[in-house]
Visitor: 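The structure under discussion is supplied below as C-alpha cells; questions concerning it will follow.
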Protein chains: 2
Amino acid sequence: MTVTSHDVARLARVSQATVSRALRGDPRVTETTRMRVREAAATLGYVRSELGRGLSTRATHRIALVAELENTLYHQLMAPIHDELLERGYRMALLAEHGDEAIHERLLDRSVDGAILMTTRLDATLPYELARRSLPFVFLNRIGGPVEAPSVTADNVGGSRAAGELLIGLGHTRIGAIVGPADTSTSRDREAGFRDALEDAGLVLPSKRVFRREYDHETGRLGFAALMAADDAPSAIFCANDFIAIGFLNRALELGITVPDDVAVIGFDDIDMAAWPAFELTTVRNPLLAMARRAAGTLIDLIESTGAAERDVFPTQLVLRRTHGAPSESTA
Amino acid sequence: MTVTSHDVARLARVSQATVSRALRGDPRVTETTRMRVREAAATLGYVRSELGRGLSTRATHRIALVAELENTLYHQLMAPIHDELLERGYRMALLAEHGDEAIHERLLDRSVDGAILMTTRLDATLPYELARRSLPFVFLNRIGGPVEAPSVTADNVGGSRAAGELLIGLGHTRIGAIVGPADTSTSRDREAGFRDALEDAGLVLPSKRVFRREYDHETGRLGFAALMAADDAPSAIFCANDFIAIGFLNRALELGITVPDDVAVIGFDDIDMAAWPAFELTTVRNPLLAMARRAAGTLIDLIESTGAAERDVFPTQLVLRRTHGAPSESTA
DNA sequence: ACACTATCAGCATACGTATGCACACAATGC
DNA sequence: GCATTGTGTGCATACGTATGCTGATAGTGT
C-alpha cells in the first residue's frame with residue numbers, strides 16, 4: 001500500500017541501502033545512480049517514513065510545545081516557534097496542560113526530541129522529571145523552580161519596577177494591583193518589582209489593594225469589583241498582564257468610570273490589542289515573539305548539544321499611551 | 001540508556017512479547033505475571049516507545065492540525081480539538097501553512113493518521129493530494145473545492161442572509177461590505193448570503209461598496225478608509241468576520257465616528273471580544289468550539305473507519321448587541 | 001492412567017530506515 | 001602484470017513494539 005525505500009530500490013535496481021544514501025545526499029553514491037534513484041522515487045511518489053527514520057536514528061526532529069491553552073497569551077507564540085523550528089528542520093507537537101494532569105508519559109515516549117515549557121508553575125514536578133530522564137527542554141516566559149535548564153524570559157522585575165515608578169512619578173499614592181497566580185514566576189517577579197518601586201518611594205502595597213486570580217480578562221473585571229468599591233479606592237492600578245488590564249478597562253467602560261481621570265491603569269506584555277484605539281493601554285513591552293524564536297533556537301542547540309543552560313533575559317520597555325496619567329485633583 | 005520492553009522482560013523474567021501483552025491488558029496473560037510485569041515496568045520507569053509501536057501497528061495516534069497561524073481565529077480552536085483528540089487517545093501535531101508552501105510531505109510521511117484542514121483555499125491542491133494518497137482528513141470551518149471529504153462548517157449563507165435582512169429591516173439602503181479573500185469558501189458563502197438578502201429587498205451591492213482583503217483587524221481599518229470617504233458612504237457595513245468588524249470599530253473610534261448612529265456595523269463569528277463593553281458588536285454566532293470538537297470526532301471516526309464523508313452544517317444565530325441600529329435621520 | 005482440551009508464555013518475524021562492514025571493481029604505480 | 005589504493009554498492013543488522021504461531025504445562029473427563 002505505502003511506498004517504501006525497498007520499492008524504490010527494486011525499481012531503480014539498487015539495494016535499499018543505496019536508496020537511503022542516495023536520497024540523503026551521501027557523497028559515496030555516484031551521480032548517475034543518485035539520479036536513477038531520485039527518478040524512481042519520484043515515479044513512485046516515495047515519501048520517507050518518519051517512523052522508520054526516527055526508530056533508526058533515535059531522533060524524531062519533533063519538539064513539544066507545552067502550555068495551558070486556556071491562556072490565550074501563548075497562542076500567539078505558536079507561529080514564531082513553528083517557523084523557527086521549521087527553519088531548523090523540526091516540527092511541532094502541541095501538548096495542552098490542564099492543571100495537574102500528567103503529561104509526563106507523552107513527553108517521555110520518545111515521540112519528541114525536546115520540549116518548550118511555557119506555562120510551568122513554580123511547584124511543577126514535570127521539569128525535574130524531564131531532567132531526570134534527560135529530555136532536553138527550555139522554559140519560555142515563565143520559569144519553574146530551581147531546575148538546571150535554559151530559560152528565556154523578560155526582565156519582569158525591571159519592567160514592573162518601571163511601571164511602579166511611572167505611577168509614583170505621576171503623584172499617585174493609593175495604588176492597587178491585580179495579579180496572576182502566586183505559583184508562577186511571572187507573578188512573583190512582577191509583583192516583587194512593583195513592590196520594590198513603591199518601597200523606594202516609601203509606599204506600601206496593602207493586601208486589601210491586591211487582587212489575585214488568573215491571567216485573564218475575567219480577572220480584570222473581578223479585580224475592578226474587588227478594589228474599586230472601597231471609599232479609599234486606588235487612583236492607579238497595576239495589572240500583571242494586558243488581558244487583566246483590558247478586562248479592567250472594559251468593566252470601567254461599562255460602569256462609566258473614566259480612565260485615566262478616575263483611575264489610571266497600566267498593563268504588562270504589550271499585546272497587539274493594547275494599541276487599539278478602544279484601549280490605548282499604557283503597558284510594559286514584553287518581547288514575546290523574539291523570545292519565542294530564541295527559545296526554539298536554544299532548545300535545538302541543546303538537542304544538538306551545541307548549547308549550554310543559561311538564563312536568557314530580554315529587556316522590557318515602558319510603552320506610554322493613554323491609560324496612565326496624573327490623578328485628578330479630586331482623587332489625589 | 002532508554003528503557004525498552006526487553007529490559008522490563010529481563011527483570012520480570014518473561015519474554016518481551018509477554019511484556020507487550022501484559023501492559024496492553026491482553027487477557028491471555030495471567031494476573032500474576034501481569035502484576036510482575038507491571039511492577040518491573042514501574043521499577044524501571046518504562047514508557048512505551050511511540051515510534052516502535054507506530055512502526056509495528058502502522059498507526060501513530062497523532063493527527064495534524066493544518067492552519068494559517070496568521071489567522072488568530074483558529075488559535076482558539078486548538079484547545080477544543082486537543083481535548084477531543086486526547087479523550088479518544090490521539091495527539092496533535094501543528095502544521096502551519098504559509099500561502100503555497102508545500103506541506104504535502106510532512107503529512108504523507110506516515111507521522112500522522114489524519115489531518116484537520118482549517119484554512120484551506122478553494123483552489124488548494126492539498127486535499128486532492130491527500131485523497132489520492134488516502135490520508136483521512138476533514139475540513140473545518142472552511143471547505144476546499146469539490147473533494148470527497150467530510151466537512152464541518154457553519155451555515156454561512158444563512159447567517160449572512162440574516163445579517164443582511166437585519167440591516168434592511170432597520171431601513172438601511174446604502175449598505176457596504178468588508179470581506180475576506182475570494183478564494184475561501186467562507187467568503188464566497190457569506191458574500192452570497194448577504195447579496196441574497198439585498199436582492200430579495202430589491203437592493204444591490206455595488207463593487208464600490210465592497211472592500212476585500214484578509215480576515216483580520218487591519219482589513220477593518222483599511223475598509224473604513226476605502227468605503228467611508230465617499231459622499232454617499234454606506235450607513236451600514238457588513239463585515240465578513242469579527243476581527244474585521246472590530247478593526248472597523250477601532251478606526252471609527254479613532255476618527256470620532258459614532259457607531260451605530262453614524263454607521264451601523266455587523267460582524268460574523270461572535271468571538272469572545274465581540275461581547276466586550278468596548279465593542280458590543282452585533283454579530284452572527286458561529287459555533288466554532290462545538291464545530292471543532294465535532295471535526296476532531298469525525299476525523300477519528302473516519303480513521304477508525306466507522307464514519308462516512310458527510311457535510312456537517314451547524315446553524316448560526318444572530319446576536320443583537322449595540323452596533324446595529326436604525327440609520328439616523330441625517331444619513332437615511 | 002490415558003487422551004484431550006484449555007491456558008499461558010515464548011519464538012520468530014514484521015514494520016521502514018540507517019549504517020558499519022565487507023566486497024567487487026577500476027585505476028594507478030612500480 | 002602484480003600489488004595497492006580508492007571508489008561505489010550490497011549485506012546484514014539495529015532501532016522498539018506487536019502478533020501469529022508453536023509449544024509447554026496443567027486441568028478435565030473417562
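Quick note: numbers below take in every heavy atom, side chains included, and nothing from hydrogens, waters or symmetry partners. We name chains A, B, ... by the order of the sequence lines, and we start the count at 1 in each one.
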Visitor: Round to a whole Å and report the spacing from CZ of B/Arg13 to C1' of C/dC8.
Guide: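 Checked: the CZ to C1' distance equals 19 Å.
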Visitor: Nearest to the side chain of B/Thr2, heavy atoms from C-beta on, is which of D/dC15, D/dA12, D/dG16?
Guide: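 Closest of the options to the side chain of B/Thr2: D/dG16.
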Visitor: Return whichever of B/Leu55 or B/Thr30 has its heavy-atom-nearest nucleotide of DNA chain C closer to the 5' end.
Guide: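 Its nearest nucleotide being more 5', the pick is B/Thr30.
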Visitor: Quick check on C/dC15: is either OP1 or OP2 less than 4.0 Å from any side-chain nitrogen or oxygen of A/Ser49?
Guide: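 Checking A/Ser49 against C/dC15: no side-chain N or O falls below 4.0 Å of OP1 or OP2.
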Visitor: Between atom CG in A/Asp109 and atom P in D/dG16, what is the gap in whole Å?
Guide: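 Rounded to the whole Å, the gap is 13 Å.
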Visitor: Answer with base, sugar-phosphate or nothing: what part of the nucleic acid does A/Val19 contact at a heavy-atom distance below 4.0 Å?
Guide: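 Here A/Val19 touches no strand at all.
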Visitor: Does B/Ser5 put a side-chain nitrogen or oxygen below 4.0 Å from OP1 or OP2 of D/dT17?
Guide: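 Yes, because at least one side-chain N or O of B/Ser5 sits under 4.0 Å from OP1 or OP2 of D/dT17.
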Visitor: Determine: side-chain N/O of B/Arg53 to OP1/OP2 of D/dA18, distance under 4.0 Å, yes or no.
Guide: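 Yes, B/Arg53 has a side-chain N/O under 4.0 Å of OP1/OP2 on D/dA18.
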Visitor: Is any NZ, NE, NH1 or NH2 atom of the basic residue among B/Asp109 and A/Arg91 found under 4.0 Å from an Asp or Glu carboxylate oxygen of the other?
Guide: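 Here B/Asp109 pairs with A/Arg91 in a salt bridge, since their nearest N and O are under 4.0 Å apart.
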Visitor: Look at atom CD of B/Glu105 and say whether more than 12 heavy atoms of other residues, nucleotides or ligands are closer to it than 6.0 Å.
Guide: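 Result for CD/B/Glu105: open.
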Visitor: Would you say A/Thr186 and A/Asn156 are linked by a side-chain donor-acceptor pair, where the criterion is simply a distance under 3.5 Å?
Guide: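 No.
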Visitor: May I ask you to verify if any side-chain N or O of B/Arg58 is less than 4.0 angstrom from the OP1 or OP2 atom of C/dC15?
Guide: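 So the side chain of B/Arg58 is outside the cut-off, no N or O lying under 4.0 Å from OP1 or OP2 of C/dC15.
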Visitor: Counting any heavy atom closer than 4.0 Å, what does B/Arg28 reach on the DNA or RNA strands: base, sugar-phosphate only, or nothing?
Guide: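 Base contact.
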Visitor: Can you measure B/Glu31 atom CD to C/dC8 atom C1' for me and round it to whole angstrom units?
Guide: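 To the nearest whole Å, that distance equals 13 Å.
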Visitor: Specify the separation, in whole Å, of atom NE2 of B/His6 and atom C1' of D/dT13.
Guide: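 Rounding to the nearest Å, NE2 of B/His6 and C1' of D/dT13 are 14 Å apart.
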Visitor: Pair B/Ile81, B/Ile116 - check side chain to side chain contact (heavy atoms under 4.5 Å, CB included), show working.
Guide: CA-CA 9 Å; B/Ile81 291 174; B/Ile116 298 178; 3.9 Å; yes
Visitor: Compare side-chain N and O positions of A/Arg110 against OP1 and OP2 of D/dC15 and report whether any pair is under 4.0 Å apart.
Guide: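 No, A/Arg110 has no side-chain N/O under 4.0 Å of OP1/OP2 on D/dC15.
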Visitor: Quick one: label B/Arg21 by what it contacts on the DNA or RNA (base, sugar-phosphate, nothing), any heavy atom closer than 4.0 Å.
Guide: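 It contacts base atoms.
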Visitor: For B/Gln16 and D/dG16, what is the distance between atoms CD and C1' respectively, to the nearest whole Å?
Guide: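 Nearest whole value for this atom pair: 7 Å.
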Visitor: Any base atoms under 4.0 Å from B/Ser20, or only sugar-phosphate, or nothing? Heavy atoms, all strands.
Guide: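 Result for B/Ser20 = base.
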Visitor: Just to confirm, is there a sub-4.0 Å distance from OP1 or OP2 of D/dG10 to any side-chain nitrogen or oxygen of A/Thr18?
Guide: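 For A/Thr18, the contact criterion (side-chain N or O under 4.0 Å from OP1 or OP2 of D/dG10) is met.
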Visitor: Would you call A/Arg38-A/Glu31 a salt bridge at under 4.0 Å N-O?
Guide: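 No.
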Visitor: By nearest nucleotide on DNA chain D, pick out whichever of B/Ala17 and B/Gly52 is the more 5' one.
Guide: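 By nearest-heavy-atom nucleotide position, the 5'-most residue is B/Gly52.
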Visitor: Check the distance between C/dG10's P and B/Asp26's CG and give it to me in whole angstrom.
Guide: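 B/Asp26 atom CG is separated from C/dG10 atom P by 13 Å.
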Visitor: Please give, in whole Å, the distance from C/dC8 C1' to B/Arg36 CZ?
Guide: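 It works out to 12 Å between those atoms.
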Visitor: Are side-chain N/O atoms of B/Tyr90 and B/Thr60 paired as donor and acceptor at under 3.5 Å?
Guide: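 There is no such pair between these side chains.
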Visitor: Are OP1 or OP2 of C/dT19 and a side-chain N or O of A/Arg24 less than 4.0 angstrom apart?
Guide: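 Yes, within the criterion.
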Visitor: Are any of B/Ser15's side-chain N or O atoms less than 4.0 Å away from OP1 or OP2 of C/dG10?
Guide: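 Yes, within the criterion.
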Visitor: Could you state the atom-to-atom distance from CG of B/Leu51 to C1' of C/dC15 in whole Å?
Guide: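 My rounded result for the distance is 12 Å.
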